[in-house]
Amino acid sequence: MDDPAYTYDVAVSFASEQRAYAERFVRACEGLGLKVFYDRNMTTELWGRNLILEFRKTYGGAQPRFFVPFISNEYLVKPYPKDEFNAALEQAQQRPDVYILPVLVGDVSVPRELLGPAIAYLQADDHSPAELADRLAAKLKETRANASAPLRAPRLAPTSFAPRAMLESALDTVESRFRRSAAATLEPFGYSCEVGRDELGVDIRVTRAGEPACSLSLWFDVNGVFRDRDRLSMSFGWPSGTRHGVNGWVSAVWDRQAGLPKVQVTDLSLGGNEQVLPVDEFVEALWGKIIDYLERRAR
């Protein structure tokens with residue numbers, strides 16, 4: 001998804017209180033093949049430099065295609081974020097198209113001189129970092145489609161495509177969507193759904209009246225038999241526990257035809273079925289496995 005007119009697809013700005021959310025957004029963007037200006041990616045380049053001046057040159061210059069500020073109450077009172085936003089405002093006045101894509105964090109009231117009431121924004125509370133990255137990728141695709149047609153690029157994965165980051169972003173999306181809706185969807189039928197997450201993966205347990213019904217795990221099996229660091233192992237169907245009896249794998253691949261990152265799912269529980277899916281469809285497929293299993297079990 002490279003754009004030769006810009007050094008970065010996006011530059012992020014945030015108060016330290018929002019670093020955890022912002023960093024997950026950054027890693028999700030990188031997993032989608034986007035180039036991101038993020039301070040922790042620039043440790044060596046920024047070493048010994050005046051950070052205020054360097055950030056002003058970036059946020060107020062022509063290097064990023066978009067500037068994404070995570071505007072919170074802390075953001076509005078701290079000197080660094082305010083300086084970054086003011087530099088971006090100056091650059092926005094020189095752009096013929098949209099430059100600032102604001103994301104509001106929590107219950108914050110933004111002064112009209114910073115964000116006019118007619119400017120559209122997104123709420124961090126309504127989106128996981130991975131979902132926000134997907135929206136940014138779509139925005140970039142739309143913007144580039146409206147620009148003058150460039151010379152044809154090769155249908156290859158860009159060097160910025162990071163399979164591990166893509167899979168970590170997919171885990172974030174699975175966790176977020178299951179936490180938000182799985183329990184409420186199953187409760188009317190007497191089932192409960194618990195979602196667990198650690199640095200290696202996500203575990204989903206479905207129970208009924210306290211008894212296990214089924215489980216689903218996706219994880220980087222770095223210490224197990226396969227020792228995969230760029231492929232997720234999948235375990236499904238064993239009600240007694242999670243991360244046991246691998247019966248599938250998930251890899252990050254670049255769809256050359258679509259020019260987008262996707263996940264390749266090898267599902268041995270379906271007889272070796274293999275699919276290449278966008279992340280959202282992958283999450284729906286996982287949910288469908290659980291629902292199909294519960295329906296068969298109830299017969």
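Residue numbers run from 1 in the order of the sequence given. Just so we're clear, the structure is a prediction, and the values are computed from it rather than from any experiment.
- Contact record, A15 with E74: CB-CB, 3.9 Å, taken as the closest heavy-atom pair.
- Remark: R135 CZ to L132 CG distance equals 8.0 Å, nearest 0.5 Å.
- Salt-bridge annotation for K289 and D267: present, with a side-chain N of the basic residue lying under 4.0 Å from a carboxylate O of the acidic one.
- Residue L218 is tested with I204, L171, L200, D203 for a side chain to side chain contact (heavy atoms under 4.5 Å, CB included); the sole match is L171.
- The backbone N or O of Q91 sits nowhere less than 3.5 Å from a side-chain atom of R95 that would complete a donor-acceptor pair.
- Of the possible polar contacts, one joining the D9 side chain to the K35 backbone as a donor-acceptor pair under 3.5 Å is found.
- A donor-acceptor pair under 3.5 Å links the side-chain atoms of E131 to the main chain of S128, judged by distance alone.
- Of the possible donor and acceptor atoms, none in the side chain of T207 sits under 3.5 Å from a partner among the backbone N and O of G210.
- Contact record, L136 with C29: CD2-SG, 3.9 Å, taken as the closest heavy-atom pair.
- A donor-acceptor pair shorter than 3.5 Å cannot be found between the side chains of Y75 and E17.
- Here ring pair (Phe, Tyr, Trp, His ring centres under 6.0 Å) pairs that include residues 159-214, with residues two or more places apart or in two chains, are F161-W254, F178-W287.
- A donor-acceptor contact shorter than 3.5 Å links the side chain of Y59 to the backbone of V12.
- T185 places a side-chain N or O within 3.5 Å of a backbone atom of S181 that can act as its donor or acceptor partner.
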